[in-house]
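Some notes on the structure that comes next.
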Protein chains: 2
Amino acid sequence: MQELIRQSSLFKDVGSDVFAQVLETCIPRSVEEDGFFFMQGDAASHAFVLLEGRVKMLQITPNGQQITLRILTPGQTYGGIAILNPLEGYPATAQAMENSTALAWDTAHLRKLAEMEPSISLNAMQLMHAYITELQERQKALVTDRVEQRIARILMKLASQYGKKVEEGVLINFPLTRKDIAEMSGTTLFTVSRTLKEWERQGMVKIGREKVCICKPHGLVSLADDLVRR
Amino acid sequence: MQELIRQSSLFKDVGSDVFAQVLETCIPRSVEEDGFFFMQGDAASHAFVLLEGRVKMLQITPNGQQITLRILTPGQTYGGIAILNPLEGYPATAQAMENSTALAWDTAHLRKLAEMEPSISLNAMQLMHAYITELQERQKALVTDRVEQRIARILMKLASQYGKKVEEGVLINFPLTRKDIAEMSGTTLFTVSRTLKEWERQGMVKIGREKVCICKPHGLVSLADDLVRR
DNA sequence: TTTTTAACTTGCGCCAGCGCAAAGACAAAA
DNA sequence: TTTTGTCTTTGCGCTGGCGCAAGTTAAAAA
């Protein structure tokens, strides 16, 4: 566990003396499947490092539609804005996709730690920067790419994050519904279903209930980069 | 000028001793209309505070299409990621929309300043956080709103940023082409043109060449929030 | 095993918005 | 004043993708 925190994006490169304080000031927090670590708009009082499980960052629109922003795996940081004024609200909701455990630090401790060890601030900024880049990429995709390309891109990304080599190709190694994919790529589950079926016909993927396996990654990449149109 | 830096989002709340160093370490930088402060992907070597002019942050897609991310006014900070490892590339391009002047600080000085004065780091994070929130809002809009709503929202935002009261209503006080609006709202200049004309027919706006004046702000808000469909 | 629940597929109709082309309207330069 | 370049409008055709409804499959619960 210490190992995981040491490698976490927020506390990497922290000197061992300060690191001891990091360990002292954390609060463990467990949330079961479909529960929430925090909701969009809540006062940003804690930053989290995920220890085990999977957590989905999402937004909910006024009319109830969901947008999935990202899926987190152990070692990743979320709610990092807590280092700022806790009057800021979290910009998104963090929901556990399975029983999950995380460590939490509150604003006061975070700031104290950051003052002792500037690299914590830099790490937090690095995190935010990475996220900004990702959001911009996604925005670009939403504006310029067809739905098909966006789905291809999401699958490639999930595969690189959760891919597991099996005999038929690369399996995305956790239950993933058509609706999940739709919420990540900004479309509907119907369109996702149709697209995946078409790809299966072409032998590019193999699909099942809550399961996607990529047989021809190269074909998907071509699609994502718009090198080929169907 | 000092006043402007004092109030700038990056250096506000900086103690007067460190502030003196802020002033010492800056480099003035002028760029004329259509010129660039930096391009997406360039090594992020400097952070800027705009003194005068207007600067557009944009992305260019592989096929040449532009996406406008935001428009900056004097006092605003851009290129703030320079505080991180300069190996990071700027996530977007900064182009002057008119002759513009800014002050720049390089990574080395920024870091030194941030170490002396933690509030600089906090300010930088605050900036990034505000930007993240904005990007998420925009992503939500792209996924869930109709083009009409998105245009309405962009106009409201521009009006709140640059609005000038005139007799007919609130004028967006700088030359703004249909193409500009399209790049901000993720659509085409044709659709923008049609939409604005329709709104003019309804008396909601008054438009001219590179000019938009909002006569019934309330009507636009209703549209943006989808309280009414045409 | 049967039942229930949730995920998925598929056909069909529809329309918002795109893309193009051609023409019109300004503004600045010559 | 005329010219030139840029910005804008508008008609027309087209289609990607949405939305719904009805049916199918598969897993989980009873």
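In what follows, chains carry the letters A, B, and so on, assigned in the order in which the sequence lines appear, proteins first and then strands, with residues in each chain numbered from 1.
Closest approach to the B:L189 side chain among D:dG17, C:dT9, D:dT9 is made by D:dT9 (side chain taken as heavy atoms from C-beta onward). Taking only side-chain atoms of A:R194, from C-beta outward, the nucleotide of C:dA16, D:dG19, D:dT9 with the closest atom is D:dG19. Residue B:K197 has its side chain nearest to D:dT9 when only D:dT9, C:dT9, C:dC8 are considered. Of the candidate nucleotides C:dC8, D:dC12, D:dT8, C:dC8 has the atom lying nearest to any side-chain atom of A:R209.
Distance, B:I181 CD1 to D:dT8 P: 8 Å, rounded to whole Å. One can place CZ of B:R146 at 15 Å from P of D:dC18, the figure rounded to the nearest angstrom. Between the CG atom of A:D226 and the C1' atom of D:dG16 there is a distance of 14 Å, rounded to whole Å. Atoms CD (A:E148) and P (D:dT15) sit 16 Å apart, rounded to a whole Å. In this structure, the CD atom of A:E33 is 13 Å from the P atom of C:dA6, given to the nearest Å. In this structure, B:K211 places its NZ atom 14 Å from C1' of C:dA25, rounding to the nearest Å. Regarding B:L196, its CG atom lies at a distance of 7 Å from the P atom of D:dT9, rounded to whole Å. The nearest whole Å value for the distance from the CZ atom in B:F190 to the P atom in D:dC12 is 16 Å.
A donor atom on one side chain and an acceptor atom on the other are found under 3.5 Å apart for A:S9 and A:T77. Using a 3.5 Å distance cut-off with no hydrogens or angles, the side chains of A:T133 and A:Q136 do not pair a donor with an acceptor.
Map A:D145 and B:T177 each onto its nearest nucleotide of DNA chain D; the residue landing nearer the 5' end is B:T177.
Between B:R201 and D:dT9, a side-chain N or O to OP1/OP2 separation shorter than 4.0 Å is absent. An OP1 or OP2 oxygen of C:dC8 is reached within less than 4.0 angstrom by no side-chain nitrogen or oxygen of A:S193. Residue B:T191 places none of its side-chain N or O atoms closer than 4.0 Å to OP1 or OP2 of C:dG17. Within the 4.0 Å cut-off from OP1 or OP2 of D:dT8, at least one side-chain nitrogen or oxygen of B:R178 is found. At the phosphate of D:dG17, neither OP1 nor OP2 sits under 4.0 Å from any side-chain N or O atom of A:T187.
A ring pair (Phe, Tyr, Trp, His ring centres under 6.0 Å) with A:F48 is found for one member of A:F36, A:Y78, A:W105 and no other, namely A:Y78.
Under a 3.5 Å cut-off, the side chain of B:R150 and the backbone N or O of B:D145 do form a donor-acceptor pair.
Ionic pairing of A:E198 and A:R201 is present here: one or more N-O contacts between side-chain nitrogen and carboxylate oxygen are shorter than 4.0 angstrom.
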